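The block underneath contains the structure these notes are about, expressed in structure tokens.
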2 protein chains.
Amino acid sequence: MREIFEAELRQVGDDLIEMSRLVESAIRRAGDALLEADHQLAQEVIASDHAIDRLESELDERCVYLLAQQQPVATDLRVVISALRISASLERMGDLARHVAEIARGRYPAQAVPVPARETFVKMHGAAVHVAQRTTALLATRDVALAAEVQQDDDLLDALHQDTFAATLDPEWPGTTQETVDVTLLGRYYERFGDHGVSVARRITFLVTGNFDDEHARAEA
Amino acid sequence: MREIFEAELRQVGDDLIEMSRLVESAIRRAGDALLEADHQLAQEVIASDHAIDRLESELDERCVYLLAQQQPVATDLRVVISALRISASLERMGDLARHVAEIARGRYPAQAVPVPARETFVKMHGAAVHVAQRTTALLATRDVALAAEVQQDDDLLDALHQDTFAATLDPEWPGTTQETVDVTLLGRYYERFGDHGVSVARRITFLVTGNFDDEHARAEA
């Protein structure tokens, strides 16, 4: 039984890594599509989100099956429950990448982000890709030092989110109302993306360290 | 064992109803605070969100304990897993109510919502309160007809969300940039609130009917 359980659990872990890789690809291409007004790339991100959703469904079924067949207790049980929660966060991160791509597609051939906010979104893009990369690496290596880096990336995303408000509320802001709406939503999407990354990082840290204080960590905003 | 399990499960169900009641109170007071520029009411909503968060933590611990001690299988197992997911959705609904209250507080003594968008938010408030009321009733009665009503309320919220974009992007829109930002975020918060309500309603329907097709229903947007 133990061997079967561990094999199943490895598969769950592999599925989470695969989901995280897809999220990483989605947020990278979504940001590129946004900053380069690339319609085809935006379209690809939107079309590929279903692959993340399907992985989540499969992973969740696998976890429920695992709970039913193997009846894990103690740490094993918490690993499975955490996997369910991590997959939900990754699925949301995929949705948020899709939303970024939808705004890029909606404004094509124009740039969605006007010049005075561009630098902020170049930085948000970089920080969000970092979050996704480190989340994947954390899932693959269980090196909990990476969790602190995800937290730093998220702090940066929060600061950049505040910068988007400072930009649009500046009396000199030259943006149209459409640009104000887009910048507001894009800022929110990136900020939420970072929150979910932190949530995933905390759950993995909990699994590795057994520190239960972090278990109820959640995306707070 | 069966009796203990059923008693524990009843407690989980009662906790979900209690969470949903708190969410209902939060979204009602948040909307009133928004539409009446009521600083004290906004403050109360913000201060009371931790009660929803604490209930979620307790409920999650109870579910994990239940899984470990009672080792449920088949439907019983899915009930517990669904409870974990429903509590996560309710916790997010509480956060979204808090975000509405935060905008109301941030603009006080001014009204956050300018006159041309007011009617839309009066309707969003009504629909969101309906979602919460019916979610509570659905949890309490398991009358799945209520799930269809939650879906209708959510459809209305989606349409009203589109109305907020139509309002701000109208060439006649008289709002300041701050008002555009606030209306954009408030529209998003209400829209997400509805999505989570639908997610909860679908999961309860799944539990009552055993229709697994709905089990992976999630907040899509």
Side-chain angles (χ1 to χ4, degrees), chain A residues 49 53-54 56-58 60-61 63-78 80-82 84-85 88-89 91-92 95-96 98-99 102 164-165 167-171 173 175-185 187-189 192 195 212 215-221, chain B residues 49 53-54 56-58 60-61 63-78 80-82 84-85 88-89 91-92 95-96 98-99 102 164-165 167-171 173 175-185 187-189 192 195 212 215-221:
Chain A
D49 185 41
D53 296 346
R54 195 175 53 229
E56 190 209 13
S57 293
E58 289 170 9
D60 286 2
E61 273 308 302
C63 287
V64 173
Y65 176 83
L66 224 163
L67 290 171
Q69 297 295 311
Q70 301 286 330
Q71 307 266 320
V73 294
T75 302
D76 290 342
L77 173 59
R78 286 180 188 270
V80 179
I81 298 294
S82 293
L84 282 170
R85 288 167 171 162
S89 290
E91 190 273 332
R92 283 301 300 156
D95 287 346
L96 291 163
R98 173 167 53 80
H99 288 337
E102 284 165 346
T164 64
F165 292 125
T168 53
L169 298 175
D170 188 309
W173 170 249
T176 62
T177 306
Q178 178 75 67
E179 288 168 336
T180 303
V181 169
D182 288 341
V183 164
T184 301
L185 288 175
R188 173 83 182 153
Y189 298 150
R192 289 295 299 153
D195 288 343
F212 281 60
E215 202 225 352
H216 288 296
R218 68 177 73 82
E220 280 297 340
Chain B
D49 185 42
D53 296 347
R54 196 176 52 231
E56 189 208 12
S57 294
E58 290 171 7
D60 286 2
E61 273 309 301
C63 287
V64 174
Y65 176 84
L66 222 163
L67 290 171
Q69 297 295 311
Q70 302 285 330
Q71 307 267 319
V73 294
T75 302
D76 290 343
L77 173 59
R78 287 181 188 270
V80 179
I81 298 294
S82 292
L84 282 169
R85 288 167 170 161
S89 289
E91 190 272 332
R92 283 301 301 156
D95 286 347
L96 291 163
R98 173 167 54 80
H99 288 338
E102 283 164 347
T164 64
F165 292 125
T168 53
L169 298 175
D170 189 310
W173 170 250
T176 62
T177 306
Q178 178 74 67
E179 287 168 336
T180 303
V181 169
D182 288 341
V183 164
T184 302
L185 289 175
R188 174 82 181 153
Y189 299 151
R192 290 295 299 152
D195 288 343
F212 282 59
E215 202 227 353
H216 288 296
R218 68 176 72 83
E220 280 297 340

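Quick caveat: nothing in here was measured; it's all calculated off a predicted structure. We use all heavy atoms of the structure for the numbers below, so side chains are in, but hydrogens, waters and symmetry mates are not.
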Specify which of A:Val73, A:Leu77, A:Leu84 makes the most heavy-atom pairs with chain B at under 4.5 Å.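 Highest number of pairs under 4.5 Å: A:Leu77.
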Specify the closest pair of heavy atoms between B:Thr168 and A:Thr177, including all atoms of both residues, with the distance to one decimal.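 Reported closest heavy-atom pair: O-CG2, 3.0 Å.
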When rounded to the nearest 0.5 angstrom, what distance separates CZ in A:Arg192 from CZ in B:Arg188? 9.0 Å
Heavy-atom cut-off 4.5 Å, strictly under: side chain, backbone, both or neither for B:Tyr189 against chain A? side chain
What residue, out of B:Leu185, B:Leu67, B:Leu169, has the most heavy-atom pairs lying under 4.5 Å from chain A?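 It is B:Leu169.
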Identify which of B:Thr176, B:Val183, B:Thr180, B:Asp76 forms the greatest number of heavy-atom pairs closer than 4.5 Å to chain A. B:Thr180
